[in-house]
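Worth knowing before you read on, the calculation uses all heavy atoms, side chains too, and leaves out hydrogens, waters and symmetry mates. Below, chain A is the first sequence line, B the second, and so on; all start at residue 1.
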Amino acid sequence: MDPLPDLLRNCAQVLSPDELRKKLAEGRPLRVKLGVDPTAPDIHLGHTVGLTKLRQFQELGHQAILIIGDFTAMIGDPSGRSATRPQLTHDEVMANAKTYQEQAFKILDPARTRVVFNGEWFEMMSFEEVIRLNSRVTLQQMLQREDFRDRLDRGLPVRAHEIQYPIMQGWDSVQIQADIELGGTDQLFNIMVGRDLQREEGQPQQVAMMLPILVGLDGTQKMSKSLGNSVGVTEPPVSMFGKLMSIPDAAMAGYYELLLNESLAADTHPMVAKKELARRIVARFHSEADAAHALEDFNARFSQRDLASADLPTFALLPGQDLVSNVVAAFASLGATRSRSDVRRLVEQGSIQLNGEKITDPKAPLDAGTTGILKLDKTRAVRLG
RNA sequence: GGGUAGGUUCCGGAGUGGCCAAACGGGGUGGACUGUAAAUCCACUGGCAUUGCCUUCACAGGUUCGAAUCCUGUCCUGCCCA
């Protein structure tokens, strides 16, 4: 059976399908490269799009090469960014790299994955070699990218180290002699630099496979931790489920395609389809049982507005304290920090409910023996006890 | 190195001596409505406090009864010139 159509599925752009066909026809395991920069400790669903494609190659017997960009992460990929990224130290990066690998193997097959750190070669390079590498590209090439151009036009700084990024990513491809490089559509430029460098080194050029960008929970921007619109793969089932339910309907089709690798049936009710989506994703990263539980919990909490039978953390009231103090403490027990002013506003605006009744007086006393459910905000509530 | 324009609250961006915790827009949050969707409407959006107080407008000093606004120095950025 011809694997090509399946491999091309979901790809935003492939340069070129023809080259890919030829490589496949060689009948050897291809080296498929995917680079990740461990700039944060956790990977999120957006990262899993590329990993899933990589897994697909693995299942066909190809060799996955996961490049951990310990060096490139210190620069930060400027792709799509409107500002320089904060620079991380090598120690921070290495700590992130550890959790990244663990999480990536929730999707990848360890047996067919080679993990490489690009520090392996960059750390060794002398300044002379760096200069030599830099002399192969022109400033104009590096600056023609839209993100840089935009910053230039808007009078924002573009720092010299940022233009090193594509060169480094390209050099990675040379080092591992990549046959194929996967990346988001915003990686087109970087991947093409890899092709250029490979050609200069007399290597066969890699095929560029660009995958669509997964939008975040807001339904418009790219999923990214720094934008606060991401779902981490290690998040607890209930929270993962809830977040997925909050995506706009319009974003659902993309999630089906990119995360489940199938098309969203047009005739399904959006809510049913979304619950199914959430359930399956939770099942993938946790378990079927967790997923079933998360679904039940969601139904109880939101569909039936039955907080009482939902799975809530308990909170012991602070004796003799007013409502605001207790709510602040309750948020704190959930790991959220809210100022008293903030909580006061929540109270006055009717967010705080005790057993379904709004309490809008910030100074309302709470008897220590009060029991029931205290709703804090849209998604958080605690059981008193 | 020279010239010039700037650095404002999460972001963009007003404000050029008191009426400024600082317009307006975006974003975010809460409420109503819902399918925890979208759209819409309302409210809130530095901290503490039931009058009021405290800390903010790059940083450090200064002038003044009073400064985001004036002065001096420092740091940072854009643009033009070299």
Side-chain angles (χ1 to χ4, degrees), chain A residues 80-87 143 148-162 215-222 224-231 235 237-256 264 268-279 282 294-307 310-312 321-325 327-328 330-331 334 336-354 356-365 373-381:
Chain A
R81 302 282 292 198
S82 56
T84 309
R85 287 173 179 264
Q87 287 187 48
L143 291 176
F148 284 156
R149 183 149 297 282
D150 178 59
R151 274 152 76 178
L152 252 23
D153 288 346
R154 297 204 295 148
L156 297 171
V158 175
R159 314 203 85 100
H161 74 282
E162 294 183 77
V215 296
L217 300 178
D218 56 52
T220 47
Q221 291 180 280
K222 164 181 182 169
S224 114
K225 180 153 188 183
S226 55
L227 291 173
N229 63 1
S230 65
V231 183
E235 282 191 45
V238 169
S239 129
M240 185 181 273
F241 194 98
K243 281 190 176 181
L244 286 165
M245 286 306 289
S246 76
I247 64 170
D249 288 0
M252 238 198 305
Y255 276 56
Y256 264 87
L264 170 62
T268 321
H269 186 283
M271 187 185 62
V272 174
K274 209 181 286 181
K275 282 182 179 173
E276 178 62 9
L277 171 76
R279 195 191 62 72
V282 173
L295 173 64
E296 273 170 42
D297 192 69
F298 181 88
N299 283 336
R301 255 168 117 152
F302 300 106
S303 300
Q304 291 153 38
R305 294 171 194 265
D306 175 16
L307 280 175
D311 190 9
L312 300 176
Q321 300 281 320
D322 65 5
L323 184 61
V324 169
S325 307
V327 172
V328 169
F331 270 118
L334 300 176
T337 310
R338 293 275 195 162
S339 72
R340 293 179 64 84
S341 302
D342 212 8
V343 167
R344 182 184 306 275
R345 282 189 285 271
L346 284 177
V347 173
E348 283 163 357
Q349 294 187 122
S351 175
I352 310 302
Q353 297 174 17
L354 177 60
E357 297 292 316
K358 286 183 186 174
I359 313 180
T360 54
D361 177 8
K363 306 204 76 177
I373 305 299
L374 189 68
K375 174 179 163 293
L376 304 176
D377 63 13
K378 244 177 186 160
T379 57
R380 280 175 283 217

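- Using the Watson-Crick or G-U wobble rule with both distances under 3.5 Å, B/G12 pairs with B/C24.
- Residue A/K358 is in sugar-phosphate contact alone, with no base atom involved, counting any heavy-atom pair closer than 4.0 Å across all strands shown.
- Toward the 5′ end of RNA chain B lies the nearest nucleotide of A/G350, the other residue of the pair A/A250 and A/G350 mapping further downstream.
- Between A/F302 and A/M245, every side-chain heavy-atom pair lies at or beyond the 4.5 Å cut-off.
- Considering CG of A/L323 and OG1 of A/T360, their distance stands at 9.5 Å, rounded to 0.5 Å.
- Remark: the separation of the P atoms in B/G26 and B/G78 is 30 Å, to the nearest Å.
- To the nearest angstrom, P of B/U34 lies 16 Å from NZ of A/K275.
- Residues satisfying the salt bridge (charged side-chain N to carboxylate O under 4.0 Å, His left out) test with A/D361, not counting sequence neighbours, are none.
- Under the rule for a salt bridge (charged side-chain N to carboxylate O under 4.0 Å, His left out), the partners of A/R345 that lie at least two apart in sequence or sit in another chain are A/D342.
- Look at CE on A/M271: it is 15 Å from C1' on B/A38, rounded to the nearest Å.
- Distance CG (A/L217) to C1' (B/A38): 15 Å, rounded to an integer number of Å.
- Spacing of P atoms, B/U56 relative to B/U50, comes out at 23 Å, to the nearest Å.
- Base contact: A/R305 has a heavy atom under 4.0 Å from a base atom.
- A side-chain donor from one of A/S325 and A/R340 sits under 3.5 Å from a side-chain acceptor of the other.
- Contact annotation for A/G242: base contact, defined as any heavy-atom pair under 4.0 Å involving a base atom.
- Among residues two or more places apart in sequence or in another chain, the salt bridge (charged side-chain N to carboxylate O under 4.0 Å, His left out) test is passed with A/K243 by A/E235.
- Regarding A/E348, its CD atom lies at a distance of 14 Å from the C1' atom of B/U29, rounded to whole Å.
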Exercise for the section: For each nucleotide in nucleotides 46-55 of chain B, reading 5' to 3', give B when a protein heavy atom comes within less than 4.0 Å of its base, S when such contact involves only the sugar-phosphate, and - otherwise. Expected result: -SBSS-----
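- Comparing B/C57 with B/C70, their P atoms sit 14 Å apart, to the nearest whole Å.
- Pairing for B/A60 goes to B/U72, judged as Watson-Crick or G-U wobble with the two contacts each under 3.5 Å.
- Atom CG in A/L152 sits roughly 14 Å away from atom C1' in B/U77 (whole-Å rounding).
- The distance from atom CD of A/Q304 to atom C1' of B/U34 is 16 Å, rounded to the nearest whole Å.
- Remark: A/K275 pairs with no residue by the salt bridge (charged side-chain N to carboxylate O under 4.0 Å, His left out) rule, at least two apart or across chains.
- With P as the reference atom, B/U74 and B/G1 are 12 Å apart, rounded to whole Å.
- In plain terms, the two heavy atoms of A/V215 and A/Y255 that are nearest each other are O-OH, 2.7 Å.
- With A/R301 contributing its side chain and A/L307 its backbone, the two residues share no donor-acceptor pair below 3.5 Å.
- The partner of B/U40 is B/A32, judged by Watson-Crick or G-U wobble contacts that both fall below 3.5 Å.
- Shown here are the side-chain hydrogen bond (donor to acceptor under 3.5 Å, both in side chains) partners of A/R159, two or more places apart in sequence or in another chain: there are none.
- Taking atom CZ of residue A/F302 and atom C1' of nucleotide B/A37, one finds them 13 Å apart after rounding to whole Å.
- Spacing of C1' atoms, B/G13 relative to B/G17, comes out at 22 Å, to the nearest Å.
- Residue A/D377 is classed as a sugar-phosphate contact, given heavy-atom separations below 4.0 Å to backbone atoms only.
- Looking at the side chain of A/Q349, the nearest of the listed nucleotides B/G35, B/A43, B/A37 is B/A43.
- Across all strands shown, A/P270 has heavy atoms under 4.0 Å from base atoms, whether or not it also approaches the sugar-phosphate.
- B/G6 and B/A60 are spaced 23 Å apart, taking the P atom of each and rounding to whole Å.
- B/C11 sits 13 Å from B/G46 when the P atoms are compared, rounded to a whole Å.
- Using C1' as the reference atom, B/G12 and B/G28 are 15 Å apart when rounded to the nearest Å.
- Minimum atom distance to the side chain of A/P157 is reached by B/U77, of the listed B/G30, B/U77, B/A37.
- With a 3.5 Å ceiling on both atom-pair distances, the Watson-Crick or G-U wobble partner of B/G46 is B/C54.
- B/A5: Watson-Crick or G-U partner is B/U77, with both key distances under 3.5 Å.
- Listed pair A/K375 / B/G30 fails the phosphate criterion, with no side-chain N or O lying under 4.0 Å from OP1 or OP2.
- In this structure, the CD atom of A/Q353 is 7 Å from the P atom of B/A32, given to the nearest Å.
- Between A/D218 and A/M245, the residue whose closest nucleotide on RNA chain B is further toward the 5' end is A/D218.
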